[in-house]
Structure formats: C-alpha cells, structure tokens
Amino acid sequence: MSSDEKPSAPRSLAEALRARDDASLAALLRARPDLVTPVPTDLTQLATRAGTRASVVRALEHLDRFTLQTAEALAVAAEPAAYEELLGLMAGDARDAAVVAALPGAVAVLREQALLWGDDDRLRLVRIARELLAPSPQHPSPTGLGPSVREATAGMSPGRIQEIVTAAGLASTHDSVSAVTALASLFSDRRRMGALLTEAPAESLEVLERLVWGPPYGQVTADPAARLRWLLDRGLLLPTAPGTVVMPREVALHLRGGHAHRTPEPVPPAVEPAATRRPQVVDAAAAGQAYTALATVEELLKDWDEGGPAVLRAGGLSQRDLKRTAVALDVPEPMAAFWVELAYAAGLIASDGEADERYAATPFFDEWVERPPAERWVLLAQAWLAGTRTPGLIGGRDTKERTLSALGPGLDRSAAPEVRRRVLTLLAGLPEGTAPTAESVLARLAWERPLRGPQRDDDLRSRLARWTLSEAELLGITGRGALASQARALLGAAAHPHGPVTDQGTGSSQGTGSPQDAGFPQGPGDKLPFHHHAAPVHAPGPLSPAERAAASAAAVRLLAPLLPEPLDHVLLQADLTAVAPGPLHRPLADVLGVLADVESKGGATVYRFTPGSVRRALDAGRTASDLHAFLAEHSRTPVPQPLTYLIDDVARRHGHLRVGAASAYVRCDDDAMLNEILADKRAAALRLRRLAPTVLAAQADPAALLDGLRAMGFAPAAESAEGDVLITRADAHRSPPRTAPEPVPEGPPVPDGTLLSAAIRAIRAGDLASTAPRKPAEDALAQAPGALPRTSPADTLATMQAAVLTGEAVWIGYVNAEGSASQRVIAPVRVEGGFVTAYDHTADEVRTYPLHRITGVAELADDEA
C-alpha cells in the first residue's frame, strides 16, 4: 500500500483494535480492567471479550451522563450511523453549541473504551450495547423514543401499509418494502412532515404532544375517536398489539426538533458552595474533630480492654452490646457503630478466636496507641478511605431479611472507597475553606455515574455520598463541611492548595465556579486525550506506596501543630473532683482513670473521686501513700482535705475483711463485724454461715462474695491460698495478631504500568502469531481459522533445519507441559538434541522448545507489500 493511500475502514472491532497504538490499548485496559484478566491471547479474543454482556454492562455503568446519552442516541440511530446523524440527534436542529463542543469527547470515550468502533462516517455500537440501549416494549429507552417505522410495521399486512401511504399523500408502490421506505422518508423530511401536520386537527396534535417525549405507547379502543383515527390512517400512530399504538421514532424526532433526549447534559453540574470560612478556622475545627476521634477510639478500646462483647453465632455485635457501647461512649448508636467499624477497619479490634469468642483489642492497638496523635489519626483516616465496610447499613436488612449488625457480615460495598474519594475530590476542587451543598454534590455524582433507569435519591451511591459527608466531619477530614488542609495532603492534593486540581482521565480543571472536575493526579499515562468534555470519571485509585508515604508524612506535618499538647497536671477541687483542662499524658491519664471516675467530657474532662474508685486503685496495688504522692505531684492546686480523708478512710478499711476460696470464705479478726454482716438482710443471697469466730463460709464464689460485700458498704480484699492479699489489677485482654480486613474490590483491580506493558506485548505477539500470512497448506485442517499447523516429526525437523540455514521465521503450533496449545512465530537459531533454540517473536525473547511438543511447522507467506 502506498504512503498516500488512505487505510481501509475497519470491518470489525478486532480490526479497529489492531489499528490502535500501544498507548490507546493501555488506556482501554486501564478503563476496563476486566478485559485483562486473564490476558487475552490476541486482539480477536480481546475484541470478543470486550463485546460480552457482563463486560459491556460494567463499561456502561462507568460512563458519565452525557457519554451515556451519546450511546443511547447511537442505539436509536441507523446502523451504521454517520457522525452528522449522531450530531443531529444530540444537538437537534438548532445545533446546541455546548453539545456540539462536547460530542467529540463523548465519541472519543466510547471509541477508547471499545464500545464504539468505525470511522466517523460509519459509527457502530458493539452489538450488546445496542441491544441494551435500543428501545423495546419490555425495556423502554431513556430517550423516550419508540420503534422506527420499519420496526413498527413489521408484520403489518401489505394492503394496510398501502392504505397508510396513500392517506399520507404518497404514491402507492408495488411492494411493502418501498412503501415503508417512502413513509419513513416522509416522516424524516422536515418540510414535507411540517406540511402534513398543518392539516392535522388540533385534537390530534394534542395526542402527539402527550406522546412526544415518551413513553411513546398509548391505548385505543376498537372504535377509536376521530382525532386518533386521523393519526392512525396516516401512520403517525401505528398499532403494535390489540388496543395499543405507538408513535414511530421518526415522528417523535420531527416533533422534538431532532433531539433524542429532552435535556442533553453536556456539562456536569457545578458543585455549589454552601458557606465559605477562613481556611485556618476549617483546619482548627477539623483538628478538634480529629482529636475527638482519637479519644473516642481509645475510650472504646479501653472499654473492651479486659474482653469486649461476645461474638454472635452469625458474626457481629448484638444490638444490646451496641447499645451498651453507645452508652459507654456517650454517643448515639449509629455513631457508636461507626467508631466500632472504624477501629475494626484499622486493625485495632478483632475476635479473639477462643471457644467463648469475644471481641478484643489486637496487639497492633498497643503499638498504635504509643504513636504520636497525628500519626494515629492518619492511620484511621487511611483505613476509612480504603475500607469497603459501610457502617450506615447497620440496622438495615440484607436480601434474606436478616438484620445487618456491627462487625457482622454483609456490610461490604465495593463502591464505598470510590464514592468517598470522589466526594472528597469535589471538595478539593473548591476554594479552600468552602463547604459545598450536599444536593449539588449528589447531583454531580449522579451526572458522573448515572443509573440506567429512573434516578432515585435513595440509591446506594447517593446514600454512600451522604454518609461520606457526615463521616468525614466526624473523623476530622472536613471541618464545618470544608476539606481540611491535612486531608488534602492525605489525598495527594496538597500540591494544589490554591489552584485548580486536575481530574484523572479528563485533562480538565476546576477553578472557582468552574463546572469541570477536580481530582487527584495519577501516574503517567492516566490522562486520556479527550476533548474538553468531561470524560467518564473514575474515583482515583490508591496511591503508590511511595506517594502514600509522602502524603501521610505531609498530613502529619500539617495536623500535628493543630492538636493540643498533652498536659502533665490536673486541677483538684474541694468537691472531690479533678479537672483536666486538656488531654493528659498517657501515664497520668491511665492512673487517674483507675483512681477516679470520668464524670463529664468535653474541652475539659472532669473526674470524680469516690470510695469505689479509690478502692479500685488500692486493689490495683497502690498504697495510700502512693496515691497522696501522685496527687501532690500532678495537681496545680493544693490537695483538698476531703480527698485526703477519703483516701485514708478507704485505705484504713481496705483489706480488713479477707475473702478466699473454700467455695468462698470471709475472715476477719473483728468478730463484731462478722456478726454485723450475718445480721444484714442484704447478705441473705450470699448464704453465709460461721465456721469459726473469725471466719464465715459462703456458697457464692469469691468474685460474687466480693461484689456482695462491697455493695453492702464494706471494703473486702481478696487473698490467695497462702493468705496473701491479691492485687486485682485488670489484665489487658488481646486477640492473637490479626490483620485489618481486606477491602472487597469492585471488579478486577486497575492494572499497573508493568502489567499493562506485559499484557500488551503478549497480546500483540499472540496477534502476530494468529494473523501472520502463511503459505497454502495441502492439509485443509491446517488452514482452518485458529487451527494449529500439523506436520510429521520428520517434516518438522527438516523445516526447522532449513530455517536455521536461511534465517527465516516460521509458524509453529506448541503444546506446553500443562497441555495448553498456542501459536507462535519463531526464527530458529539452532536445532540439536531434540530441542530447537529460536527467537520467539511472540514472547520477544530467545527460547528453547522440545521438538516433541511442536505440533507442526509452516512457512510464512512472502510479504506482498
């Protein structure tokens, strides 16, 4: 073919893919990762896989609204359609300028994703896409259009067709095919169709107006009214079934001014600002929420420190345990469920795997809690961003009408990470300090990933977006609704704090008030050469390990100065309370948490000292002098006298009674106190009896006996079998080492650059082997498409030896050790010892093949070019 010759138009999708360069194939495989799993053997298999129903449905679900509208218009256009026809369907007779500008980009997206192939004068949707999007009585088209004249008249009697043609003012024809063609031509001609409708009665035009935007079907009686009869006689309404009529597609398009859609949406809706605040205010508010998030997760894990709630038989927390956890955290139940799921996603809690299975902190919690606060927050935020578990579903029901429980099965939604990142992308595209309206965010997401069917406000993606906005505020990703600086850094958007942020795959940018996307830049090659029209938007995938580490470090640097510094003191007050005016150093907080009860939280935490809390500290091995010294060291105010008296009074009585194991017993040197216990009606449940003047026996176990006596106002101490006082310091219960739950991906992962390069090389090589021209073979079977060459071992050896001498390439069939057959193009270098060493054009490397695994060999045809 000469250099000035125009290449022939592709006759199939496989030929169209064969004409692409490697960058274009890489973009296809990145946009549709299901096509590369497993790697196709050649471009024909790639085209076949790209046209399967499951793959096409998935690709359509990832198109934005305008690109999907373009595909819907192609489904009602002729097959094949010229670009001008598509432009008329999308832009109408008036040629909407925004649609005209955006349509090339939409066509490029469809072509890039192998949903559309062919030159601009012969555009073709892949067959499955056309079947899915074309109108039918069972599956109406979103365009609201009905069948064409040709489709609607199929099966109609020739006589009736001729009657319609005559009534419409056309000359009768000799056959039905030409009659239908003439009628369709009339309806598609703006001038002649206008003249026909000027003759229509006003009532008939009203009928057409009701059907013009769909649905195009209507009901008629056996004896239709005059206004319907006029339309039926001229084919403006055609019968499809007894009592049902339809408006032909050509008639509707004339009345619509050529528009396939009532409202084309070439430009994505802008994200509207709800409020704008100073960035410093936003960052401070988000930092406050981040600190609260850390404190809440720590409190949750401390509450479960000695062993958390039991695991239900079906998995997860019971509603009662969730309610108890919500009370302990002083938050509503849905919020408690969020914190529990966040800790689980971060790998901080898991089931212990014991026979009596319970939830407990993991060993990683002990490592996490020792890290600086900003680093701890980054770990929580990253777990939230990547997690597929969806706390908002808790309390709902699954497909089997079973209640979904916290930490239970059935909460994974693979779309959650994408929606979270996409929502935060939109926030990152707004000026710093700007909070968006939730409605505009939802509208934008609905445009980027529309439902194929009626749009709903309660679909999963809309609910995920709403949950994302509320959860981001709880976690400190946003402050007062606006994205915080530390969150921008964590997402990889910190490099653009004051300027536009480029969206993946679109090449567009958004400044203040721009309707274009804002997103996160990906690696090289991620941008597709689309027009300014916003291409199908995919939420950015996870950053590479190096990028993630850099983003985490940047987020830590920004957040650390905004978090309050831990304090090493409290303020003791005369009413037996201590006020912590801020976060406390961990050793101080741990000891104070044992010595006193938390009475209130907030900016300042209030602790209250009670006899029970002091006894708890004494049980943990502290002495009265230890407690006095501790309070004196860490209080900025003098230790109040009532607190000193309380500690001394409890310490004086602590251990006066001793409880040990018989079943259980109580011993005390003061027999008068034992008499007092026996006389107390509250001791009846303990079933006590005197064994000796200083010993009482009980039928309750030691723990119940201790609790019972403490409830009566005594301060007993447990003792060992040797009579020593037992220190009842609580031991932390930990699960075995557990990894955080793996997110459930939405389909195959997007291949990285290395995999893409290897896959494209393998596909190209396989295609070379399957399409290489061969010399005619006498064996017809060897000529069959896809058949391996078949030659005898002697002929195979002779052809190989000849190829070594001439240096020519040959075509072979090869069966590997696993029994998998393939075709290869090789250039033999050496034949010896039952092996052939050759340069394999398919693998692009030198390989050695056993001759007994080669099914046959054939010479390649001479290049006629």
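These numbers were taken from a predicted model, which means no experiment stands behind them.
Shown here for Leu133 and Ala71, the closest heavy-atom pair between the two residues is CD1-CB, 3.6 Å. In plain terms, the two heavy atoms of Leu558 and Ser485 that are nearest each other are CD1-O, 3.6 Å. The shortest non-hydrogen separation linking Val282 to Ala482 is CG1-O, 3.5 Å.
Of the possible polar contacts, none joining the Thr390 side chain to the Leu393 backbone as a donor-acceptor pair under 3.5 Å is found. Using modelled atom types, one side-chain atom of Arg65 and one backbone atom of Ala446 make a donor-acceptor pair closer than 3.5 Å. Checking side-chain atoms of Arg488 against main-chain N and O of Ala428 turns up a donor-acceptor pair under 3.5 Å. Between the side chain of Arg32 and the backbone N or O of Gln113, at least one donor-acceptor pair lies under 3.5 Å. Using a distance-only test at 3.5 Å, with no hydrogens or angles considered, no donor-acceptor pair links the side chain of Arg376 to the main chain of Glu370. Not one N or O on the side chain of Thr388 forms a donor-acceptor pair closer than 3.5 Å with the backbone of Arg413.
You'll find the side chain of Thr325 stays beyond 4.5 Å of the side chain of Val331, heavy atoms only. Between Trp377 and Gln289, the closest side-chain pair of non-hydrogen atoms is not below 4.5 Å. Counting heavy atoms from C-beta on, the side chains of Pro373 and Tyr291 never come closer than 4.5 Å. No side-chain heavy atom of Leu445 sits less than 4.5 Å from a side-chain heavy atom of Leu464. Put simply, the side chain of Pro436 reaches to within 4.5 Å of the side chain of Leu427, judged on heavy atoms. At least one side-chain heavy atom of Arg58 sits less than 4.5 Å from a side-chain heavy atom of His62.
Between the side chains of Gln319 and Ser405, no donor-acceptor pair of N or O atoms lies under 3.5 Å.
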Side-chain polar contacts of residues 337-345 - donor-acceptor pairs under 3.5 angstrom, sequence neighbours left out - could you list them?
| from | atom 1 | to | atom 2 | distance (Å) |
| --- | --- | --- | --- | --- |
| Glu341 | OE1 | Arg389 | NE | 2.7 |
| Glu341 | OE2 | Arg389 | NH2 | 2.9 |
| Glu341 | OE2 | Leu407 | N | 2.6 |

Validation: residues 471-480 side-chain donor-acceptor distances under 3.5 Å, sequence neighbours left out:
| from | atom 1 | to | atom 2 | distance (Å) |
| --- | --- | --- | --- | --- |
| Glu471 | OE1 | Trp384 | NE1 | 2.8 |
| Glu473 | OE1 | Thr478 | OG1 | 2.6 |
| Glu473 | OE1 | Gly481 | N | 3.1 |
| Glu473 | OE2 | Arg480 | N | 2.7 |
| Thr478 | OG1 | Glu473 | N | 3.3 |

Side chain to side chain donor-acceptor pair (under 3.5 Å) evaluation trace for Thr67 with Thr70: CA-CA 5 Å; Thr67 307; Thr70 303; 5.8 Å; no
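With respect to the salt-bridge test (charged N to carboxylate O, under 4.0 angstrom), the residues Glu61 and Arg449 do not qualify.
Partner of His261 under the side-chain hydrogen bond (donor to acceptor under 3.5 Å, both in side chains) criterion, out of Gln69, Arg256, Glu72: Glu72 alone. Each of Thr362, Leu380, Leu301 was compared with Trp368 under the side chain to side chain contact (heavy atoms under 4.5 Å, CB included) criterion, and only Leu380 meets it.
Each salt bridge (charged side-chain N to carboxylate O under 4.0 Å, His left out) pair with one or both residues in residues 271-296, not counting sequence neighbours, would appear here, but there are none.
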